[in-house]
Each structure stands twice: as structure tokens, then as C-alpha cells.
Amino acid sequence: MALSVNSLLRSGRNAVLVLRRRAFHRSAQAAVQVTVRDALNQALDEELERDERVFLLGEEVAQYDGAYKVSRGLWKKYGDKRVIDTPISEMGFTGIAVGAAMAGLRPICEFMTFNFSMQAIDQVINSAAKTCYMSAGLQAVPIVFRGPNGASAGVAAQHSQCFAAWYAHCPGLKVVSPWNSEDAKGLLKSAIRDDNPVVFLENELMYGVPFEMSDEAQSKDFTVPIGKAKVERQGSHVTLVSHSRYVSHCLDAANVLAKEGIECEVLNLRTIRPMDVESIEASVMKTNHLVTVEGGWPQFGVGAEICARIMEGPAFNYLDAPAIRVTGVDIPMPYAKILEDNSLPQIKDIIFSIKKTLNV
């Protein structure tokens with residue numbers, strides 16, 4: 001009798017194990033993790049393959065696989081005519097790229113950092129941005145200027161500037177600032193296909209960060225529309241508007257404050273120009289409070305523009321407190337790490353500003 005009971009117990013355990021194995025095989029696949037670097041690489045690869053007019057040029061983009069390995073493998077796949085190493089002369093290769101765009105090609109011009117784009121700002125603004133208008137719409141300039149923007153880590157004052165406000169100030173340009181892998185891939189594909197010059201501001205510290213990407217986002221047909229913001233977290237007490245790396249900081253701050261009963265709505269701008277003012281207004285009308293977060297300097301910054309738009313529009317009447325900007329400090333970036341950390345927005349700074357506007 002004891003043997004039969006033991007046999008029954010064993011058979012019961014085996015049946016449970018079989019059911020568990022079957023349930024495991026029926027479970028949904030884990031979402032694929034893709035770094036921002038690999039998402040950008042996918043977008044470049046797919047667009048080079050899709051359109052033979054597309055080519056990439058810049059310093060070390062070809063044989064070295066890119067200074068940040070964003071163009072890894074593309075030179076071996078597409079060769080010297082499609083992926084071109086240039087001399088260290090932003091003024092020169094940017095001018096070549098703009099001329100190529102005017103001649104009917106679709107260049108992607110990589111700056112090793114956007115801080116070096118100042119060497120070529122005449123080509124970006126006077127040659128690329130203004131040509132469509134000055135030719136009465138007859139001459140398109142389909143070009144993408146891309147590379148890391150804003151502060152990295154320990155690279156001091158001449159390598160740490162955010163150019164979102166600089167380029168967004170100029171009519172004729174579209175200015176894109178992605179946060180996660182889906183943004184990076186979908187927006188870069190849209191930028192390459194756009195007939196206008198697009199400034200595509202990446203962040204060096206985000207390149208190695210993995211994000212979940214859906215099957216749809218990994219499709220070759222996937223794009224993200226330029227000029228449309230995205231609500232990354234729903235909330236009812238305060239609107240946080242940010243772009244690029246600082247969307248992560250806003251989400252982290254929101255998670256901390258959720259434990260205290262404060263629900264933050266986090267809006268990822270994705271595009272600086274054209275700015276999705278309607279989405280910002282809709283969120284402010286819902287939460288009645290606004291905090292903007294960016295890594296750039298405060299004077300004439302992206303947050304300043306958002307505050308002005310809200311003040312001038314219908315959402316102003318819904319504000320229960322003044323809008324607050326969280327920005328970088330108004331100084332050239334120090335080299336020392338502790339000073340650098342105190343020169344850029346931290347999660348604690350965002351939390352302090354949220355509590356200040358909510359008066360808690």
C-alpha cells in the first residue's frame with residue numbers, strides 16, 4: 001500500500017512538472033533588448049539598403065566603424081562610395097554633404113560631437129536651412145546632421161554643450177532629440193526620408209543603454225513621426241517635459257514620488273522643432289502644473305520656449321502654480337566630476353522642483 005501511495009505522489013509530481021513545462025512553452029516571448037547604439041545602426045543599415053541615394057560621411061565612420069561604433073559593419077557591407085571617412089575638417093565635409101543633397105543625394109553627415117559642428121555652422125544654417133525658402137521651394141536639401149550632443153562624462157567645457165536650443169532657434173531646420181532605442185531608430189529613419197535638413201541630436205551616455213523594442217519597432221517599415229511627443233508615464237499631479245537623456249531622470253523622479261502619492265506625467269518631447277505644443281498643453285490642462293527638464297543652459301533654452309508657449313496659449317489658465325525649469329547651471333562645464341555633477345540636473349533637483357511647484 002505504501003508503494004502505491006509513493007507511486008501516486010511521484011506520478012502527481014511528474015504531472016505538475018509536465019504542466020509547468022507546457023505552460024512555459026506557451027508563455028509570451030521576452031521582449032528584445034536593444035541598445036540605442038544598435039537601434040541607430042539598424043536604422044542606418046536599413047536606409048542605406050532601401051535607397052541607393054543615401055550615404056554616410058564623417059570622421060572615422062568607415063574603417064574604424066565609427067568613433068562610438070554606431071556605424072559598425074556598414075563600410076564592409078556598403079563600401080567606400082556609401083560610407084566615407086573624411087579628414088578632420090567639419091567645414092569641408094559638411095559643405096560637401098550639403099552640396100550632395102542639393103544635387104539629389106541624401107547624405108547623413110556625422111559629427112564626432114555636435115560641439116564640433118560650430119566649425120560648420122555656416123553650412124548648416126546659411127547653406128542647408130535657408131535654401132528651400134530662398135529658392136521659393138524649388139531646391140530641397142534632404143540631409144541629416146547627426147552625432148552626440150550635450151554633456152558626456154569628464155570631457156570639460158568644450159565638449160559638453162547642448163545644441164538643442166541653438167539649432168531649434170533657426171527656421172528651415174527640423175531638430176530631433178531621441179531618448180530610447182525606439183525613438184532612435186524610428187526618428188532616424190524618418191529624418192533620412194525627410195526632404196528637409198534635420199539636426200539629429202543623440203546622447204553619448206545613452207548609446208550603451210538597452211531598451212525593450214517591440215516586433216513592430218524592429219520592422220524595416222517602422223518609423224516615428226517627426227514633431228510628435230510621447231507620454232512615457234501617465235500622471236495627474238504634475239507634467240514633466242523633457243528630451244533625450246533627461247527623460248530617464250524624470251521617470252526615476254516620478255517613481256520616487258509615486259511612493260509619496262504624487263503622480264507625475266512624463267512627456268518625452270522627441271522633437272524640439274517642430275515642437276508638439278498641443279501635447280504639452282493637453283497634459284498641463286490635465287495636471288495643472290508644469291516642470292521642464294533639460295541638460296542645456298537656462299537662458300533662451302528649450303524649457304524657456306515651452307514656458308513661453310504655455311503662457312501665451314490656452315493652457316495658461318489651467319496652471320495652479322508657476323511653471324518651473326530644471327536646467328544645467330549657467331556656466332561652462334567644469335572638468336572635475338563633483339563639479340560636473342552639480343552643473344547638470346540630478347534626480348534630486350527634479351524632485352525638489354516638483355515639490356516646490358506642488359507646494360508640498
Side-chain angles (χ1 to χ4, degrees), residues 34-124 127-128 141-150 152 155 158-159 163 167 176 178 181 183-194 197-209 218 220 223:
V34 179
T35 65
V36 172
R37 174 185 289 108
D38 289 340
L40 292 165
N41 182 269
Q42 282 181 26
L44 291 169
D45 188 8
E46 291 169 9
E47 292 306 301
L48 283 162
E49 183 179 61
R50 188 185 72 89
D51 189 343
E52 63 181 10
R53 297 172 298 171
V54 175
F55 71 98
L56 172 67
L57 81 167
E59 296 155 358
E60 299 182 349
V61 299
Q63 296 187 43
Y64 190 67
D65 280 342
Y68 305 98
K69 301 298 178 274
V70 171
S71 55
R72 183 175 53 228
L74 299 181
W75 174 67
K76 289 179 182 176
K77 184 173 181 179
Y78 296 102
D80 289 324
K81 289 187 177 180
R82 305 289 302 284
V83 184
I84 304 166
D85 277 331
T86 66
I88 304 173
S89 175
E90 282 75 17
M91 186 184 296
F93 69 74
T94 304
I96 289 170
V98 172
M102 291 179 178
L105 299 179
R106 305 188 80 89
I108 305 161
C109 178
E110 178 180 310
F111 296 119
M112 195 177 288
T113 161
F114 259 94
N115 295 269
F116 302 159
S117 73
M118 281 188 285
Q119 299 290 328
I121 202 162
D122 179 57
Q123 281 75 18
V124 176
S127 296
V141 187
I143 186 171
V144 177
F145 304 102
R146 54 156 294 270
N149 170 69
S152 177
V155 292
Q158 292 179 334
H159 300 76
F163 285 86
Y167 285 120
V176 176
S181 301
D183 289 350
K185 181 179 179 181
L187 286 166
L188 183 54
K189 289 171 72 74
S190 293
I192 294 168
R193 297 179 188 188
D194 202 292
V198 180
V199 173
F200 196 88
L201 304 172
E202 301 154 15
N203 188 284
E204 183 183 340
L205 296 177
M206 297 302 296
Y207 282 146
V209 179
Q218 295 193 73
K220 290 186 177 181
T223 58

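Along the sequence shown, residues carry numbers from 1. Everything quoted here is computed from the prediction, not taken from an experiment.
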State, yes or no, whether a side-chain contact exists between [X] and [Y] at a heavy-atom distance under 4.5 Å.
X      : Y      : result
Glu90  : Glu59  : yes
Ser71  : Leu56  : yes
Tyr68  : Pro148 : yes
Ile192 : Val198 : no
Lys220 : Glu49  : yes
Gln42  : Val34  : yes
Val36  : Glu202 : no

Looking at every heavy atom in both [X] and [Y], which two are closest together, and how far apart are they?
X      : Y      : value
Asn149 : Phe163 : OD1-N, 2.7 Å
Val61  : Val83  : O-CG1, 3.7 Å
Leu187 : Pro178 : CD1-CB, 4.1 Å
Ala39  : Ser181 : CB-O, 3.4 Å

ask   = How far apart are the C-alpha atoms of Asp38 and Arg72, what are their side-chain angles, what is the distance that settles it, and do they pass the salt bridge (charged side-chain N to carboxylate O under 4.0 Å, His left out) test?
value = CA-CA 9 Å; Asp38 289 340; Arg72 183 175 53 228; 2.7 Å; yes
All pairs passing ring pair (Phe, Tyr, Trp, His ring centres under 6.0 Å) where residues 71-103 contributes a residue, at least two apart = none
ask   = Atom CZ in Phe114, atom CZ in Phe200: separation rounded to 0.5 Å?
value = 9.5 Å
ask   = When rounded to the nearest 0.5 angstrom, what is the spacing between OG1 in Thr35 and CG in Asn41?
value =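 Reported value, rounded in 0.5 Å steps: 9.0 Å.
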task = Answer with yes or no whether the side chains of Thr94 and Gln123 bring together a donor and an acceptor at under 3.5 Å.
result = no
message = I'd like to know if Arg106 and Glu47 make a salt bridge, using a cut-off of under 4.0 Å between side-chain N and carboxylate O.
response =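 Salt bridge: no.
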query = Name the one of Lys185, Lys77, Arg193 that satisfies salt bridge (Lys or Arg N to Asp or Glu O under 4.0 Å) with Glu46?
reply =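 Going through Lys185, Lys77, Arg193 one by one, the salt bridge (Lys or Arg N to Asp or Glu O under 4.0 Å) with Glu46 is satisfied by Lys185 alone.
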